[in-house]
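Okay, so here's the structure we're looking at.
We count ligands from 1, going down the list as the structure has it; atoms in each ligand are counted the same way. Values in this document were obtained by computation on a predicted structure and should not be read as measured data.
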Amino acid sequence: MEKILVIGSAGQIGSELVMELRRVYGADNVIATVHYTKPPQEVLESGPFEHFDVMNTHQLYEVVNKYKVNQIYHLAAVLSGSAEKKPLPSWDINMQSLLNVLELCRTVKIDKLFWPSSIAVFGPTTPRDHTPQTCTMEPTSVYGMSKLAGERWVEYYWNKYKVDVRGIRYPGIISYKTEPGGGTTDYAVEIFYEAVKNGKYTCFLGPDTKLPMQFMPDCLKATIDLMEAPAEKVKIRSNYNVGGISFDPKILAAEIKKHIPEFEIEYKPDFRQAIADSWPMSIDDSVARADWGLTDEYDLAKMTEVMIREIRKKFNK
Ligand code: SER
């Protein structure tokens with residue numbers, strides 16, 4: 001019987017992952033966590049939840065003991081844009097929370113840990129097109145630095161203590177349930193809300209800023225598939241490249257216009273432009289496909305159609 005703890009259950013990915021895990025493993029077997037941001041009502045109402053702070057190791061051990069947790073998804077992190085505003089506290093949260101969870105996994109019997117990295121681990125000296133699984137990584141953002149250091153730590157805990165840790169270098173994630181907060185790829189979600197609500201959007205990245213993105217259903221499937229894969233198929237413990245779909249704001253705007261012809265976009269790049277310019281434009285995820293069978297279903301057209309339909313429903317538009 002799996003007992004799964006999801007740290008970061010109020011976030012864009014965590015809030016949907018809790019619901020999907022409850023569907024797969026049974027509602028009572030997936031424990032959501034509440035810290036300073038409240039998860040959506042459906043997360044609170046559909047299964048167990050606990051108030052706790054991952055920075056507090058005592059609380060962490062208590063929750064794990066109480067539910068006899070044997071799997072953890074640790075998704076809590078300060079994302080790229082927010083981390084640039086508070087570099088040192090963000091480094092502290094991203095690193096210390098991971099080390100707390102790794103130590104817990106080492107000392108208590110936790111069967112599997114999922115901890116995601118990001119395309120932010122790459123930097124200006126990385127090949128930006130079809131970025132390979134293994135290449136030069138010199139990130140320039142605090143978030144990217146913390147994710148790269150985290151990748152080294154999770155691999156270290158696998159090599160040294162056999163903590164079964166698995167992870168994906170998430171591209172930008174696009175979804176319509178919980179909005180993302182503080183990321184550089186967030187424009188690709190905001191644009192849909194503004195297009196549906198107001199018919200126009202001011203983009204904080206320039207028109208040609210191509211980045212890899214993934215639609216939430218594909219993200220959830222990849223995450224759970226990796227966690228379900230037999231251990232011998234998970235050959236990379238420092239996080240797998242996952243590419244999703246790559247596009248820039250002007251291509252996305254053109255796709256939205258097919259559904260909302262009056263939609264207008266203007267561009268006012270801010271500090272996040274420099275972050276985006278240091279990240280890959282597209283990702284080579286052939287290693288994840290070969291090792292544990294990564295697949296995806298959504299292309300830009302299919303994703304755009306669902307995003308607009310669902311956000312229209314949300315706002316009765
Ligand atoms: N979506 C994240 C961000 O923009 C990247 O992992 O910070």
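Contacts classified as ring-ring contact (aromatic ring centres under 6.0 Å, His included) and involving residues 281-301 (residues at least two apart or in different chains) are given here: Phe215-Tyr298, Tyr240-Trp292.
Looking at residues two or more places apart in sequence or on another chain, you find no salt bridge (Lys or Arg N to Asp or Glu O under 4.0 Å) involving Glu179. Applying the ring pair (Phe, Tyr, Trp, His ring centres under 6.0 Å) rule to Tyr161 yields the partners Tyr157; only residues at least two apart in sequence or on another chain are considered.
The existence of a salt bridge linking Lys210 and Asp277 is excluded, since no basic side-chain nitrogen approaches an acidic carboxylate oxygen closer than 4.0 Å.
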Walk me through it: do Lys302 and Glu297 pass the test salt bridge (Lys or Arg N to Asp or Glu O under 4.0 Å)?
CA-CA 9 Å; Lys302 206 167 160 189; Glu297 190 193 327; 3.0 Å; yes
Note every protein N or O atom lying under 3.5 Å from an N or O atom of ligand 1, pairing the names and giving the distance.
residue	atom	partner	partner atom	Å
ligand 1	1 (N)	Thr185	OG1	2.8
ligand 1	4 (O)	Ser80	OG	3.4
ligand 1	4 (O)	Thr184	N	2.6
ligand 1	4 (O)	Thr185	N	3.1
ligand 1	4 (O)	Thr185	OG1	3.3
ligand 1	6 (O)	Ser118	OG	2.7
ligand 1	6 (O)	Tyr143	OH	3.3
ligand 1	7 (O)	Ser80	N	3.1
ligand 1	7 (O)	Ser80	OG	2.6

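In this structure, Lys200 places its NZ atom where only 12 or fewer heavy-atom neighbours from other residues, nucleotides or ligands lie under 6.0 Å away.
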